Protein chains: 2
Amino acid sequence: MARQSHIKLEELAEPLEEARLAFEKLDGLLGYRLRRAQASMHRDYMATVAGLDLTQKQTATLWLVHANPGVSQGSVAAALGMDRATMMSIVDRLEDRSLVIRKRSVTDRRRQELHLTPGGQDILRKVKARIAKHEERFKSLFTPQELELLLAALQKIQNA
Amino acid sequence: MARQSHIKLEELAEPLEEARLAFEKLDGLLGYRLRRAQASMHRDYMATVAGLDLTQKQTATLWLVHANPGVSQGSVAAALGMDRATMMSIVDRLEDRSLVIRKRSVTDRRRQELHLTPGGQDILRKVKARIAKHEERFKSLFTPQELELLLAALQKIQNA
DNA sequence: CGCAAATAGTATGTTTCACATACAAACAAC
DNA sequence: GTTGTTTGTATGTGAAACATACTATTTGCG
């Protein structure tokens, strides 16, 4: 209330330029809304895990390798919806940081079996703990029913 | 039915490696689901507008400039949640392709007023037509009520 | 008024990721 | 055993996010 008396003239002016642009249905597009929501969560994610230096995809890769010791690069790529080349560079970076190791498969020597190093397991534990809070911040925006519907809707879109 | 007789041994084996990885709650994360859904729509978007060579952000920029002739770069950036540097490179590319023009403002010579060229208006019209079908494909996954809830939820996340 | 602070745009560089293409080694199918 | 497929690898391109620093301009305030 009292704050209104501090409002400068400029803050009340320029309603078109500074405050509100005409969106003309752009904000009614599912693709647009999805992208903005993702960007918002991504920013919060990056702030949440700051210092650990793990992107969402790097974390997802560590996560799956931990849950499936010895998986091949290709399987992880397929499970996460990335192509081999992209997975390659992700694993390269994780291996450079000694978070995962590649091990040639003995049954199929084309394959690289992926395993977490102790350091990889350690950082995964830390990032999981931080993600839990980050997730809670966003999930708490919704009731359990709303959340379930939202997750189901997102999966539907993913599989469309 | 008859196809089952053609199934190779290999297609039945490797249930762990090829078919289903353990996800251990990764797929219960809102951030993960959101990212996968966005990636899916993004891929479909790119396929939909193939040949026009406009990314989502480039299109959104054209869209807002068209709806708000003469907006400043910074306003568009703020409206779309990008920083100045990112907006800069987007406008650079659009200007290189002669889809938008920059015009120094006469009332505030720091500002660049953005306008669509005829070519920019033309390509925007085309991309809008294609986006309509792309949007319809995904929106038709939901009932009107579900869709409204979904859009509201995404906006909530964006503003969190 | 005049100077300090804020603002708009610009330039530059780093990092991540998606995708395309091409290639080699290993394996599978017939 | 040759042919075709799969797995990983190498290489290059392009989009985008972000950080930092710099200039020009405008605004705020004493």
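It should be emphasised that the depicted structure is a prediction, and the values quoted were computed from it without experimental measurement. A note on names: the letters A, B, ... follow the listed sequences, proteins ahead of strands, and every chain is numbered from 1.
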Rounded to the nearest Å, what distance is computed from the [atom1] atom of residue [X] to the [atom2] atom of nucleotide [N]?
{"X": "B/D92", "N": "D/dA17", "atom1": "CG", "atom2": "P", "answer": "14 Å"}
{"X": "B/R110", "N": "C/dA5", "atom1": "CZ", "atom2": "C1'", "answer": "11 Å"}
{"X": "A/Q58", "N": "C/dA18", "atom1": "CD", "atom2": "C1'", "answer": "15 Å"}
{"X": "B/K103", "N": "C/dG9", "atom1": "NZ", "atom2": "C1'", "answer": "18 Å"}
{"X": "B/I90", "N": "D/dG14", "atom1": "CD1", "atom2": "C1'", "answer": "13 Å"}
{"X": "A/Q38", "N": "C/dA18", "atom1": "CD", "atom2": "P", "answer": "11 Å"}
{"X": "B/R93", "N": "D/dG14", "atom1": "CZ", "atom2": "P", "answer": "10 Å"}
{"X": "B/Q112", "N": "D/dT25", "atom1": "CD", "atom2": "P", "answer": "12 Å"}

Can you tell me how the ring of A/F138 sits relative to the ring of A/H134, calling it parallel under 30°, perpendicular over 60° and tilted otherwise?
perpendicular
Sole candidate of A/R102, A/E113, A/R84 that passes side-chain hydrogen bond (donor to acceptor under 3.5 Å, both in side chains) when paired with A/Q73
A/R102
Just checking [X]: base, sugar-phosphate only, or nothing, at a heavy-atom cut-off of under 4.0 Å?
{"X": "A/T86", "value": "base"}
{"X": "A/M82", "value": "sugar-phosphate"}
{"X": "B/R84", "value": "base"}

Assuming nearest nucleotide by heavy-atom distance, tell me which of B/G74 and B/H42 is located more 5' along DNA chain C.
B/G74
When the nearest nucleotide of DNA chain C is assigned to A/T107 and to B/D108 on a heavy-atom basis, which residue is associated with the more 5' position?
B/D108
Between the base of D/dT7 and the side chain of A/R111, is there a donor and acceptor pair under 3.5 angstrom?
no
Counting only distance, no hydrogens or angles, is the base of D/dT25 paired donor-acceptor with the side chain of B/R109 under 3.5 Å?
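Result: no qualifying N/O pair found.
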Which one, C/dT10, D/dT26, D/dA16, comes nearest to the side chain of B/K57?
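Closest nucleotide among those given: D/dA16.
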As a test of reading the structure: which of C/dG9, D/dG8, C/dC17 is closest to the side chain of B/R104, going by heavy atoms?
C/dG9
Taking NZ, NE, NH1 and NH2 as the nitrogens, is one of them in B/D122 or B/R125 under 4.0 Å from a carboxylate oxygen of the other?
yes
With a 4.0 Å cut-off, would you call B/D44 and B/K133 a salt bridge?
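No, no charged N to carboxylate O under 4.0 Å.
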Whichever of B/M87 and B/V106 has its nearest DNA chain D nucleotide further upstream toward 5':
B/M87
Quick one: on DNA chain D, does A/R35 or A/M88 contact a more 5' nucleotide (nearest heavy atom)?
A/M88
4.5 Å side-chain heavy-atom contact, B/V91 and B/Q112:
no
Return no unless some side-chain N or O of [X] is found under 4.0 Å from OP1 or OP2 of [N].
{"X": "A/R43", "N": "D/dC18", "answer": "yes"}
{"X": "A/S89", "N": "C/dC17", "answer": "no"}
{"X": "B/Q73", "N": "C/dT10", "answer": "yes"}
{"X": "A/Q56", "N": "C/dT16", "answer": "no"}

d(A/T48 OG1, A/R130 CZ) to nearest 0.5 Å is 8.5 Å
